Trainee: 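I'd like to ask you about the structure that follows.
Note that the structure is a prediction, hence the values are computed from the model and not measured.
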Amino acid sequence: MNEAQAKHTVTTKVASRAYRLIKPRDVQPIQIEHEVHDWEVVVEPTIGSICHADLRYFTGQRRAEALERKLPMALIHEGIGTVLHSATPELPQGQRVVIVPNLQGYLLNGTNPETCCETCRSTKSNNYCTHGRFLGSGMDGIAQSRLVVPAASALPIPPEVPDDIAVLTELSSVSYQALHHVAEALKTAKVVVFGDGPVGYLAAAMLHHVYGVDKERLTVFGAVPEKLAMFDFAKRELVQNYDFSGGASFDIALECTGGKFSESAINQAIDVLQPGGHLILMGVTEERVPINTRDVLEKGITMRGSSRSSAEDFIAVLNAMKDRKCQETLRKLLPEHNRVIRSDEDFTEAMEYAAQHRTWTKVMLDFRW
């Protein structure tokens with residue numbers, strides 16, 4: 001134990017009821033006990049959102065070795081809650097908070113970046129902390145009655161932001177983080193987004209509402225007319241009708257499809273990018289994807305992957321969410337009703353529903369502990 005850690009002590013213990021995934025499609029209620037240190041807060045999750053990553057665990061679509069290593073585990077990493085216990089004045093009891101699932105090692109230990117890994121000590125993003133952990137991916141996530149996280153990972157929700165919008169912060173922040181690296185270029189760039197699902201929609205929303213990319217400079221490619229119609233703040237193109245041999249015309253491309261469509265989307269993005277363009281990969285697939293490296297080389301394309309974000313990205317997104325126009329855009333992803341979760345059976349049914357109904361809207365979980 002180093003000097004910084006020695007200054008901290010366990011202040012209390014708290015019992016939590018977790019809905020743990022034991023094996024694919026088998027969720028069991030488990031009582032667990034958390035130690036609570038003075039740099040941590042206890043949060044009662046109130047609303048969660050199901051991500052495709054959760055579904056890959058639930059349906060067993062992750063590789064067998066990953067499932068064996070990470071299960072059993074409570075799922076869900078997108079969510080908000082209410083502070084129940086805190087030694088931090090900025091987080092009083094009853095405070096609504098967004099939960100940041102990407103937990104750097106120094107936060108978990110109650111120390112500082114200088115005591116952590118080389119990535120945290122350097123100027124690189126702490127997204128890639130080698131000692132970090134991620135809720136719902138190797139450690140119990142938000143699907144539990146008492147969540148204990150570092151105080152720095154529980155961010156107050158501004159009064160102007162309603163709960164149903166705040167719960168979209170995590171997914172929105174991933175897009176914000178990916179785009180942050182090309183922020184200067186976004187002032188004039190022509191941008192294209194591949195993907196008409198929630199990831200593509202939120203990426204396009206961040207481009208428009210946070211980075212100021214207007215309709216004349218923002219194009220979205222999709223395959224489903226009904227989904228594509230939702231992107232009324234961008235130009236829209238059906239991927240099956242577009243001539244990708246027509247020449248390069250975009251400076252920045254975001255691939256937000258993932259899965260079996262990643263290959264075509266990535267290579268179509270390479271086709272339409274200008275020399276010196278940027279390709280940002282956000283879609284997740286379990287399989288390796290063949291890429292047209294010849295054109296990547298000939299055009300000098302820069303490729304960057306991004307799937308996580310940190311507290312700084314959350315703060316920027318929460319500020320953007322104060323704007324009513326931004327809220328109106330994001331509200332299109334919300335379902336008519338949240339799924340009420342009072343038991344492990346309710347949670348399992350909600351996960352099964354999400355797995356079988358890959359709809360436009362997110363599946364929201366209203367936890368009733």
Trainee: Can you tell me how far the CG atom of D313 sits from the OG atom of S173, to the nearest 0.5 Å?
Mentor: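 Spacing of CG (D313) from OG (S173) equals 6.0 Å.
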Trainee: Quick check on the 6.0 Å ring-centre criterion: do Y211 and Y176 meet it?
Mentor: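 Yes, the ring centres sit under 6.0 Å apart.
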Trainee: Give a yes-or-no answer on whether the side chains of T82 and E44 include a donor-acceptor pair shorter than 3.5 Å.
Mentor: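 Note: T82 and E44 side chains miss the donor-acceptor criterion.
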Trainee: So for atom CD, which belongs to E68, do other residues, nucleotides or ligands contribute more than 12 heavy atoms lying within a distance under 6.0 Å?
Mentor: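 Count not over threshold, so no.
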Trainee: Other residues, nucleotides and ligands only: do more than 12 of their heavy atoms fall within 6.0 Å of CD on E65?
Mentor: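 More than 12 heavy atoms, drawn from other residues, nucleotides or ligands, come within 6.0 Å of this atom.
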Trainee: Heavy-atom count check: over 12 atoms from other residues, nucleotides or ligands less than 6.0 Å from Q31 CD?
Mentor: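 Counting other residues, nucleotides and ligands, CD of Q31 exceeds 12 neighbours.
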Trainee: Less than 4.0 angstrom from a charged side-chain N to a carboxylate O is my criterion; do R324 and E160 meet it?
Mentor: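 The answer is no: the pair does not qualify as a salt bridge.
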Trainee: Would you say the ring centers of F347 and W369 fall short of 6.0 Å from each other?
Mentor: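 Centroid separation for F347 and W369: 6.0 Å or greater.
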Trainee: Salt-bridged, D344 to R20, with N to O below 4.0 Å?
Mentor: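 Result for this pair is no, no salt bridge flagged.
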Trainee: Have a look at D232 and tell me which of K325, K215, K332 forms a salt bridge (charged side-chain N to carboxylate O under 4.0 Å, His left out) with it.
Mentor: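 When salt bridge (charged side-chain N to carboxylate O under 4.0 Å, His left out) is applied between D232 and each of K325, K215, K332, only K332 qualifies.
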Trainee: Are F221 and F231 near enough that their ring centres are under 6.0 Å apart?
Mentor: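 Ring centroids of F221 and F231 are no less than 6.0 Å from each other.
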Trainee: Could you go through the side-chain contact (heavy atoms from CB on, under 4.5 Å) check for L21 and D54 one step at a time?
Mentor: CA-CA 10 Å; L21 183 69; D54 299 311; over 6 Å; no
Trainee: Step through the shown structure and confirm whether more than 12 heavy atoms of other residues, nucleotides or ligands are within 6.0 Å of NE2 on H131.
Mentor: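 Enclosed: over 12 neighbouring heavy atoms sit under 6.0 Å from NE2 of H131.
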Trainee: How far apart are the closest heavy atoms of I301 and D295, and which atoms are they?
Mentor: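 I301 and D295 have their closest heavy atoms at CD1-O, 4.2 Å.
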Trainee: Please tell me whether I47 and L333 are part of a single hydrophobic cluster in this structure, the criterion being side-chain heavy atoms less than 4.5 Å apart.
Mentor: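 Same hydrophobic cluster.
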Trainee: Is it the case that atom NE2 in H180 sees more than 12 heavy atoms from other parts of the structure closer than 6.0 Å?
Mentor: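 Result for NE2/H180: open.
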